[in-house]
Amino acid sequence: MSKQIIIGITMGVLAGLSLKVIFKRKEVNFIPEDDECHETDMLDKANLYLLQARNHVEEMVSEAEETSNTILEQTGKILSSAKDKTSSMHHESEESVSDGFKKIER
């Protein structure tokens with residue numbers, strides 16, 4: 001399979017997942033707008049935010065990997081089927097050409 005096809009499929013899947021996340025309307029309030037937040041509270045909340053972001057990215061990468069594997073499997077099946085059909089058509093055309101030559105020789 002062409003390296004460009006694999007790269008194209010992977011980039012398409014990643015772009016689709018990115019758009020899904022961008023347009024997802026889910027409000028998450030990680031840091032409250034309190035003026036009395038202590039520095040340690042802000043650091044704890046920032047760490048929580050980073051942890052949640054990391055988990056979310058890991059999920060996205062996992063989903064993208066599964067999707068790209070599925071697409072690659074389907075593409076492989078399609079290419080294999082096309083190869084089989086092309087091969088059978090080639091053999092059929094060889095037989096018809098050889099039959100035509102035999103008719104001409106007679």
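Values below: every heavy atom of this structure, side chains too, minus hydrogens, waters and symmetry copies.
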* **Pair T67-I71, side chain to side chain contact (heavy atoms under 4.5 Å, CB included): steps then yes or no** => CA-CA 6 Å; T67 305; I71 291 171; 3.9 Å; yes
* To do: Only counting residues at least two apart or in another chain, list the ones meeting side chain to side chain donor-acceptor pair (under 3.5 Å) with E73.
  => none
* Quick one: are K83 and L79 in side-chain contact, heavy atoms under 4.5 Å? -> no
* Asked: If you round to the nearest 0.5 Å, how far is CG of L50 from CG of L43?
  -> 10.5 Å
* Main-chain N/O of K77 paired with S81 side-chain donor or acceptor, under 3.5 Å -> no
* **Between OG1 on residue T10 and CD on residue E65, distance to nearest 0.5 Å** => 10.0 Å
* Structure fact -> Rounding to 0.5 Å, atoms CZ (R54) and OH (Y49) come to a distance of 15.0 Å
* Supply the atom-to-atom distance M42 CE to T40 OG1, rounded to the nearest 0.5 angstrom. => 10.5 Å
* So do the side chains of E58 and N55 get within less than 4.5 Å of each other, counting heavy atoms only? -> yes
* Is there a side-chain contact between T70 and Q74, using heavy atoms and a 4.5 Å cut-off? -> yes
* Rounded to the nearest 0.5 Å, what's the gap from CG on N47 to CG on L51? Could you check? => 8.5 Å
